[in-house]
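Here the structure is a predicted model, which means the values were calculated and not measured.
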Amino acid sequence: MQWSACREGRITMGEHAELAVLLRAAYAHLPEFFGGVRTWSYVRPEARVMGRDGEGPAAHAGVLRRFLQVDGTDQLTAVVGLVAVRPGLQRQGVGLALLDRVRAFLGELAVPFGILMCAEHHVAFYERGGWRRLSPRRSVYSPDDTTEPRPFVDEITRTTLVLPVTEKDWPDGEIHWNGATV
Ligand SMILES: CC(C)(COP(=O)(O)OP(=O)(O)OC[C@H]1O[C@@H](n2cnc3c(N)ncnc32)[C@H](O)[C@@H]1OP(=O)(O)O)[C@@H](O)C(=O)NCCC(=O)NCCS
């Protein structure tokens with residue numbers, strides 16, 4: 001596997017087309033995204049961590065730095081999403097290798113934390129990759145920043161995970177994303 005981290009502006013149209021194939025296959029349960037050459041869902045990332053093998057892109061994660069408000073205070077974070085491994089390669093450790101690369105990239109960005117929200121059945125995967133599950137707390141976030149404004153989701157989230165990068169302890173308090181997850 002050849003790994004790279006690439007800023008969004010440097011990704012070619014050909015690479016978007018290839019990545020869309022990977023994301024379409026990995027997120028077959030979200031057919032509304034990744035049709036054609038689209039390579040993001042709720043918001044466009046600013047960078048991507050990718051693994052390639054002889055068949056093309058095999059692993060991918062999107063990254064977007066943003067200030068979330070935590071208990072009213074701006075907290076810089078790198079939002080991580082679009083985490084995907086080609087279906088035929090899953091459960092062979094590629095996902096954990098991807099999370100290692102994501103951690104290294106966030107280290108290069110020198111952000112205090114990574115953050116993501118995921119389904120309950122993916123929590124164990126991220127925890128094995130060094131992410132920490134936050135205790136249940138109120139989160140307010142946009143469902144989708146790619147179309148017209150819609151009411152924000154306001155809920156108690158139980159599957160928000162953070163990755164300590166340059167700081168250790170995620171602050172307590174409700175999280176206002178003021179935007180969508182990646
Ligand atoms: C989630 C995903 C990236 C994991 O990649 P992967 O290459 O299969 O992960 P790994 O093989 O490195 O898994 C490492 C460990 O994570 C856990 N894990 C991974 N996938 C899991 C799953 N579907 N259910 C439960 N545990 C899982 C296991 O503990 C696994 O170790 P094990 O295989 O020895 O039991 C991959 O399944 C995927 O692309 N899914 C579709 C897209 C998606 O839903 N992404 C997550 C969005 S939040």
Side-chain angles (χ1 to χ4, degrees), residues 1-11 19 23 26-27 39-51 59-85 93-146 152-182:
M1 191 79 65
Q2 274 198 321
W3 294 97
S4 62
C6 188
R7 303 296 173 110
E8 192 67 5
R10 295 203 171 272
I11 295 179
L19 284 174
L23 293 168
Y27 287 94
T39 54
W40 59 88
S41 47
Y42 312 113
V43 68
R44 188 170 182 165
E46 64 165 318
R48 299 168 189 265
V49 177
M50 296 173 287
H60 170 274
V63 176
L64 177 65
R65 282 168 293 187
R66 109 171 324 158
F67 285 96
L68 309 187
Q69 279 183 297
V70 182
D71 199 25
T73 299
D74 283 336
Q75 173 63 61
L76 177 62
T77 61
V79 183
V80 172
L82 301 168
V83 175
V85 169
V94 176
L96 285 180
L98 172 66
L99 293 186
D100 280 347
R101 300 291 168 152
V102 168
R103 190 195 353 230
F105 182 58
L106 299 196
E108 282 171 33
L109 295 179
V111 285
F113 299 99
I115 192 166
L116 59 81
M117 288 197 274
C118 69
E120 179 64 43
H121 63 275
H122 284 133
V123 170
F125 165 67
Y126 289 111
E127 285 182 334
R128 282 194 57 183
W131 291 69
R132 296 182 193 158
R133 182 186 199 143
L134 297 180
S135 58
R137 66 196 60 203
R138 183 177 175 213
S139 296
V140 183
Y141 58 94
S142 165
D144 185 348
D145 277 354
T146 58
F152 275 45
V153 178
D154 183 343
E155 63 182 16
I156 303 296
T157 48
R158 292 180 161 72
T159 54
T160 303
L161 288 99
V162 298
L163 180 74
V165 184
T166 66
E167 284 180 31
K168 254 172 60 188
D169 296 318
W170 179 264
D172 278 338
E174 54 190 45
I175 304 174
H176 288 258
W177 287 64
N178 296 303
T181 62
V182 172

[X] side, atom [atom1]; [Y] side, atom [atom2] - distance, nearest 0.5 Å:
{"X": "Arg138", "Y": "Thr157", "atom1": "CZ", "atom2": "OG1", "result": "11.0 Å"}
{"X": "Phe113", "Y": "Thr166", "atom1": "CZ", "atom2": "OG1", "result": "7.5 Å"}
{"X": "Asn178", "Y": "Phe152", "atom1": "CG", "atom2": "CZ", "result": "6.0 Å"}
{"X": "Arg137", "Y": "Asp71", "atom1": "CZ", "atom2": "CG", "result": "10.0 Å"}
{"X": "Thr181", "Y": "Leu82", "atom1": "OG1", "atom2": "CG", "result": "8.5 Å"}
{"X": "Arg48", "Y": "Ile11", "atom1": "CZ", "atom2": "CD1", "result": "4.5 Å"}

[X] and [Y]: which non-hydrogen atoms are nearest, and at how many Å?
{"X": "Pro171", "Y": "Gln75", "value": "CG-OE1, 3.8 Å"}
{"X": "Val102", "Y": "Ala61", "value": "CG2-CB, 3.7 Å"}
{"X": "Leu96", "Y": "Gly129", "value": "CD2-N, 3.8 Å"}
{"X": "Val43", "Y": "Thr146", "value": "N-CG2, 4.2 Å"}
{"X": "Leu163", "Y": "Trp131", "value": "N-CE3, 3.5 Å"}
{"X": "Thr159", "Y": "Ala119", "value": "CG2-C, 4.4 Å"}

Are the side chains of Val182 and Val63 in contact, using a 4.5 Å heavy-atom criterion?
no

Quick one: does Leu106's side chain get under 4.5 Å of Leu109's, heavy atoms only?
yes

Before you tell me yes or no, could you show the steps for Tyr141 and Met117 under side-chain contact (heavy atoms from CB on, under 4.5 Å), namely the whole-Å CA-CA distance, both residues' side-chain angles and the distance that decides it to 0.1 Å?
CA-CA 11 Å; Tyr141 58 94; Met117 288 197 274; 3.5 Å; yes

Between Arg133 and Glu127, is the closest basic N to carboxylate O distance under 4.0 Å?
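Salt bridge: no.
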
Glu120/Arg158 under salt bridge (charged side-chain N to carboxylate O under 4.0 Å, His left out): CA gap, chis, key distance, verdict
CA-CA 8 Å; Glu120 179 64 43; Arg158 292 180 161 72; over 6 Å; no

Val140 vs Glu174, test: side-chain contact (heavy atoms from CB on, under 4.5 Å). Steps then yes/no.
CA-CA 8 Å; Val140 183; Glu174 54 190 45; 5.9 Å; no

Given Trp177, which of Val79, Thr77, Asp145 fulfils the side chain to side chain contact (heavy atoms under 4.5 Å, CB included) condition?
Val79

Evaluation steps, side-chain contact (heavy atoms from CB on, under 4.5 Å), between Tyr126 and Val83
CA-CA 10 Å; Tyr126 289 111; Val83 175; 3.3 Å; yes

